[in-house]
Trainee: 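Below is the structure I would like to discuss, written out as structure tokens.
Keep in mind that this is a model prediction, so the values were computed, not measured. This chain uses plain numbering: 1 for the first residue, then up along the sequence.
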Amino acid sequence: MRFETRDQGPRTMGHESKGPGKDRVISRLFSLCSLTRLDSSWVGVFLALGIVAASHGADQTALGAPVELPPMLVEESTASVPWLYVKAGDTEFLSRCSEGTTRDLVEAWLTKMQLVRVLVPEQFLAQTDVPSVFVLYAQDLKQTVSAEIQREMQGREGTRGGGVNIAPSMRLSDRDMHASIAYIDEALFDAAGLSVAPGHVHYLLQGRVPELPAWLVEGVERAWHRADFVLEPITLRPLVWNNNGESDALANDPARPRALLPANELFATAAARALENRHPRHVGARAGTEELFFRWAIVSGGATREAFWRFAARAAEGPVSEELFEANFGFDFAELRDRLSDYLPKAVGETAHIAPGALPPVPPFEVQPATPNQVARVRGEWERLAIGHVQPRLPRGREPYIAQARRTLRRAFDAGDRDPRLLATMGLCEIDAGNEAGARPFLEPAVAAGVVRPRAYYELARLRLAELRRGAPATKIYSFTDLAPVLDPLRRALTQAPPLPEVYGLLAEAWNCCELTPNPAEFAELEAGARLFARRPAVVYPIACALARHGRKAEAARVLEAGAGAIADDTTRAGMNRLRAELSAPATRIQGER
């Protein structure tokens, strides 16, 4: 969420802040880094649930940028402050703020998420059965960074990039959930000024399956940067085309020449986009046209907005053609470019207002004292996620994070807690710490108890398959009995949200080395994975191999064709090309019997 006031714009907070436990000036608004990466400066002040992409961290050290480490690797020096717990919607809140602050923030979050769904329908947002985690700390709680991290920070002082920072707030993700932590100055906190950050909207769009095309995700996110959810109705500030000067010129002279991206390039596949001209003007034209298309459709309302979302749903299922576009909008690509061009001078000059209509009431929730289980699970989940964030950024500094997560989780376990959710988190913690042997004693009972955690089922199946294959030739074929302990958790994972691409990939890999042929329901599961993740060759290729091996050559060819526009690494691309060649020639079917 972004903190804004009615009488002034959002504040900007830089990376100079020293983090919890250090003397620093606190903005009247508390922050949470809300973009999908940690930028060199925070634009605005945000609070949102979402992710920080792990891929960014690998570049931070290489480029010499300050390393941002997660907060909460601390020893609490104010043990008398109680934890509070709230389960609201799809989020678990664990708070060491006052009951009033906690209640205000939770209610504001639920309300603002309703406004997200006004502009982006529910079916285009990620769905998950695993609750998100949000940890809140009062800013005045005294905390001390661990001695290990202090030594690591001191060791990096003077190195290229300026050392290590402890971020005051952060968002992290796993493959089936995400978590946030925020430090709040309660004396200045005002829930009325909250709005949902573009980075969280990006996360929700990107996690949707079937996966949405990049032009839609990027267009919505860019438009969200200019949205205001504090004043009613929903306000879209004027679009910026290339820069402010160009925008002003277009607003004053609608006949001024402008370069929009042609529709066939706007809706190009990922592979085609990868070959695009990377000149800044072309990159700017793409970004601007994506945002303009979304804004035009949403502001137009009525039939145009409905056509946009129908078209978006179809675009998620496969490549876009002009015929598909015309079937939804009633006009062709050339007409779209003309309409967007005509709308552009108005978009850069107007502030658009969208009435949200009557919103449903906020679901009821209770702020309660947290139980030991809730403290261990929720806080331990956050601390576990910190391990994966630190690993690529500061490998020598990850051990204290591992130790902290283990201490938090073991505290409840050693007291006799065997909640399947706690066990699953403990198992995943060991996986993330690199201790796969130590993960199974926790994952096995969690899965046996039917825990709602897709990644737990995947990791257990992966460990079982690795054990089965240990020491065997890579081409060995196994009986169905041998593979049943692998197939069972994978198929159970398919019944939980979010669908994980790696589950379908491993499922296909298991069937590819099974002597028996899948039954119709099992074939349908593989084909569903190919539809949901058609843009991921790492999923499409093993599914196509499994289908082909068990005699479904036509289906395998269709799967490969549907994924043809995706970007693949050299090895996967070569395998896909080889399989295409084999499918086009007579071949002996390898098949077992059921």
Trainee: Measure across Val503 and Tyr458 and return the closest heavy-atom pair with its distance rounded to 0.1 Å.
Mentor: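 Distance-wise, the nearest heavy atoms are CG2-CB, 3.8 Å.
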Trainee: Any idea which heavy atoms bring Ala179 and Leu385 closest together, and the distance?
Mentor: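 Shortest heavy-atom contact: CB-CD1, 3.5 Å.
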Trainee: My understanding is that only residues two or more places apart in sequence, or in another chain, count here; which of them pass salt bridge (charged side-chain N to carboxylate O under 4.0 Å, His left out) with Arg339?
Mentor: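 Checked Arg339 against salt bridge (charged side-chain N to carboxylate O under 4.0 Å, His left out); matches are Glu335.
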Trainee: Tell me if a side-chain donor or acceptor on Arg337 pairs with a main-chain N or O of Leu260 at a distance below 3.5 Å.
Mentor: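 At least one qualifying donor-acceptor pair exists.
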Trainee: Starting from the C-alpha separation in whole Å, work towards a yes-or-no answer on salt bridge (Lys or Arg N to Asp or Glu O under 4.0 Å) for Glu561 and Arg558.
Mentor: CA-CA 5 Å; Glu561 180 62 26; Arg558 284 197 294 269; over 6 Å; no
Trainee: With sequence neighbours excluded, what pairs up with Glu502 under the salt bridge (charged side-chain N to carboxylate O under 4.0 Å, His left out) test?
Mentor: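 Once residues adjacent in sequence are excluded, the partners of Glu502 under the salt bridge (charged side-chain N to carboxylate O under 4.0 Å, His left out) criterion are Arg175.
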Trainee: Tell me, do Met177 and Asp129 make a side-chain contact under 4.5 Å, heavy atoms counted?
Mentor: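 Side-chain contact under 4.5 Å: no.
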Trainee: I need the Arg314 CZ to Asn328 CG distance, nearest 0.5 Å.
Mentor: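 Output value for this atom pair is 7.0 Å.
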Trainee: Can you confirm whether Phe267 sits close enough to Phe311 that some side-chain heavy atom of one is under 4.5 Å from a side-chain heavy atom of the other?
Mentor: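 The answer is yes; the side chains approach within 4.5 Å.
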Trainee: Nearest 0.5 Å, please: how far is CD1 in Ile567 from OG1 in Thr269?
Mentor: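 One finds 8.0 Å between OG1 of Thr269 and CD1 of Ile567.
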Trainee: Determine which pairs satisfy side chain to side chain donor-acceptor pair (under 3.5 Å) with at least one residue from residues 562-579, sequence neighbours left out, and list them in order.
Mentor: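 Sorted result for residues 562-579: Asp569-Thr572, Asp570-Arg573, Asn577-Arg580.
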Trainee: Between Gln206 and Leu212, is the side chain to side chain contact (heavy atoms under 4.5 Å, CB included) condition met? List the steps.
Mentor: CA-CA 7 Å; Gln206 198 169 53; Leu212 299 173; over 6 Å; no
Trainee: Determine, step by step, whether Leu119 and Trp224 satisfy the side chain to side chain contact (heavy atoms under 4.5 Å, CB included) criterion, reporting the C-alpha distance in whole Å, the side-chain angles of both residues, the deciding distance to 0.1 Å, and the verdict.
Mentor: CA-CA 10 Å; Leu119 292 190; Trp224 220 273; 4.0 Å; yes
Trainee: Sequence neighbours left out, what pairs pass side chain to side chain donor-acceptor pair (under 3.5 Å) with at least one residue falling in residues 253-263?
Mentor: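 Sorted result for residues 253-263: Glu246-Arg256, Arg258-Ser341.
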Trainee: Under 3.5 Å, is there a donor-acceptor pair between the side chain of Glu218 and the main chain of Leu216?
Mentor: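 Checking the backbone N and O of Leu216 against the side chain of Glu218, no donor-acceptor pair under 3.5 Å is found.
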Trainee: Find the distance between NZ (Lys553) and CG (Leu579) and round it off to the nearest 0.5 Å.
Mentor: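 Here the interatomic distance stands at 10.0 Å.
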Trainee: Set out, in order, the CA-CA distance, both residues' side-chain angles and the distance that settles side chain to side chain contact (heavy atoms under 4.5 Å, CB included) for Asp338 and Phe333, then state yes or no.
Mentor: CA-CA 9 Å; Asp338 288 344; Phe333 280 176; over 6 Å; no
Trainee: Could you tell me which non-hydrogen atom of Gln114 sits nearest to which non-hydrogen atom of Leu359, and how far apart they are?
Mentor: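 Heavy-atom minimum between the residues: OE1-CB, 3.6 Å.
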Trainee: Between Arg278 and Val283, does a side chain to side chain contact (heavy atoms under 4.5 Å, CB included) hold up when you go through it step by step?
Mentor: CA-CA 6 Å; Arg278 304 306 297 170; Val283 172; 4.0 Å; yes
Trainee: Flag the pair Thr91 / Val133 as yes when at least one side-chain heavy-atom distance between them is below 4.5 Å, and no otherwise.
Mentor: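 When only atoms from C-beta onward are counted, Val133 and Thr91 do not touch, as no gap falls below 4.5 Å.
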Trainee: Looking only at non-hydrogen atoms, find the nearest pair between Pro454 and Ala493 and report the distance.
Mentor: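 Where Pro454 meets Ala493 most closely, the heavy atoms are O-CB, 4.1 Å.
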Trainee: Which heavy atom of Trp309 sits nearest a heavy atom of Pro121, and at what distance?
Mentor: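 Taking every non-hydrogen atom into account, CE2-CD, 3.4 Å.
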Trainee: Within the 4.5 Å heavy-atom criterion, are Val390 and Pro70 side-chain neighbours or not?
Mentor: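 A side-chain contact exists here, since the closest heavy-atom pair is under 4.5 Å.
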Trainee: Is there side-chain contact between His389 and Met170, with at least one heavy-atom pair below 4.5 Å?
Mentor: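 A side-chain contact exists here, since the closest heavy-atom pair is under 4.5 Å.
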Trainee: Hey, what do you get for OG (Ser132) to CD (Glu381), rounding to the nearest 0.5 Å?
Mentor: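 Ser132 OG to Glu381 CD: 10.5 Å, rounded to 0.5 Å.
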Trainee: Can you check whether Met113's main-chain N or O pairs, donor with acceptor, with Arg117's side chain at less than 3.5 Å?
Mentor: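 Yes, the answer is positive, given that a donor and an acceptor are paired below the 3.5 Å cut-off.
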Trainee: Under a 3.5 Å distance rule, please check whether Thr128 uses its side chain to pair with a backbone N or O of Asp176 as donor and acceptor.
Mentor: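 At least one qualifying donor-acceptor pair exists.
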Trainee: As an exercise, state the distance from NE2 of His353 to CD1 of Ile234, rounded to the nearest 0.5 Å.
Mentor: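 If we round to the nearest 0.5 Å, His353:NE2 and Ile234:CD1 are 12.0 Å apart.
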Trainee: Answer whether the closest heavy-atom distance between the side chains of Glu326 and Glu323 falls below 4.5 Å.
Mentor: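 No, too far: nothing below the 4.5 Å cut-off.
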Trainee: Check whether Ser247 reaches the backbone of Trp241 with its side chain - one donor and one acceptor, N or O, closer than 3.5 Å.
Mentor: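 At least one qualifying donor-acceptor pair exists.
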Trainee: Is a side-chain N or O of Thr289 found less than 3.5 angstrom from the main chain of Ala285, in a donor-acceptor match?
Mentor: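 Yes; judged by distance alone, with no hydrogens or angles, the pair exists.
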Trainee: Drop me the distance from Leu507's CG to Leu500's CG, to the nearest 0.5 angstrom.
Mentor: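 CG of Leu500 is found 12.5 Å from CG of Leu507.
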Trainee: Under 3.5 Å, sequence neighbours excluded: what are the donor-acceptor pairs made by side chains of residues 290-299?
Mentor:
from: Glu290; atom 1: OE2; to: Arg273; atom 2: NH1; distance (Å): 3.4
from: Glu290; atom 1: OE2; to: Arg286; atom 2: NH1; distance (Å): 3.0
from: Glu291; atom 1: OE1; to: Arg222; atom 2: NE; distance (Å): 3.4
from: Glu291; atom 1: OE1; to: Arg226; atom 2: NH2; distance (Å): 2.7
from: Glu291; atom 1: OE2; to: Arg226; atom 2: NE; distance (Å): 3.0
from: Glu291; atom 1: OE2; to: Arg226; atom 2: NH2; distance (Å): 3.1
from: Arg295; atom 1: NE; to: Tyr343; atom 2: OH; distance (Å): 3.4
from: Arg295; atom 1: NH1; to: Arg237; atom 2: O; distance (Å): 2.8
from: Arg295; atom 1: NH2; to: Leu236; atom 2: O; distance (Å): 3.3
from: Arg295; atom 1: NH2; to: Arg237; atom 2: O; distance (Å): 3.3
from: Arg295; atom 1: NH2; to: Glu350; atom 2: O; distance (Å): 3.3

Trainee: With heavy-atom distances below 4.5 Å as the criterion, would you say the side chains of Arg393 and Pro395 are in contact?
Mentor: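 No - every pair of side-chain heavy atoms lies 4.5 Å or more apart.
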Trainee: Which pairs would a plain distance check flag for residues 526-547, meaning a side-chain donor or acceptor within less than 3.5 Å of a matching protein atom at least two apart in sequence or in another chain?
Mentor:
from: Arg535; atom 1: NH1; to: Glu211; atom 2: O; distance (Å): 2.6
from: Arg535; atom 1: NH1; to: Ala316; atom 2: O; distance (Å): 3.4
from: Arg535; atom 1: NH2; to: Ala315; atom 2: O; distance (Å): 2.8
from: Arg536; atom 1: NE; to: Glu211; atom 2: OE2; distance (Å): 2.8
from: Arg536; atom 1: NH2; to: Glu211; atom 2: OE2; distance (Å): 2.9

Trainee: Okay, side chain of Asn252, backbone of Asp248: is any donor-acceptor separation there less than 3.5 Å?
Mentor: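 Pair found, side chain donor or acceptor close to backbone of Asp248.
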Trainee: Answer yes or no: is there a side-chain heavy-atom contact under 4.5 Å between Phe325 and Leu336?
Mentor: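 Counting from C-beta outward, Phe325 and Leu336 do come under 4.5 Å.
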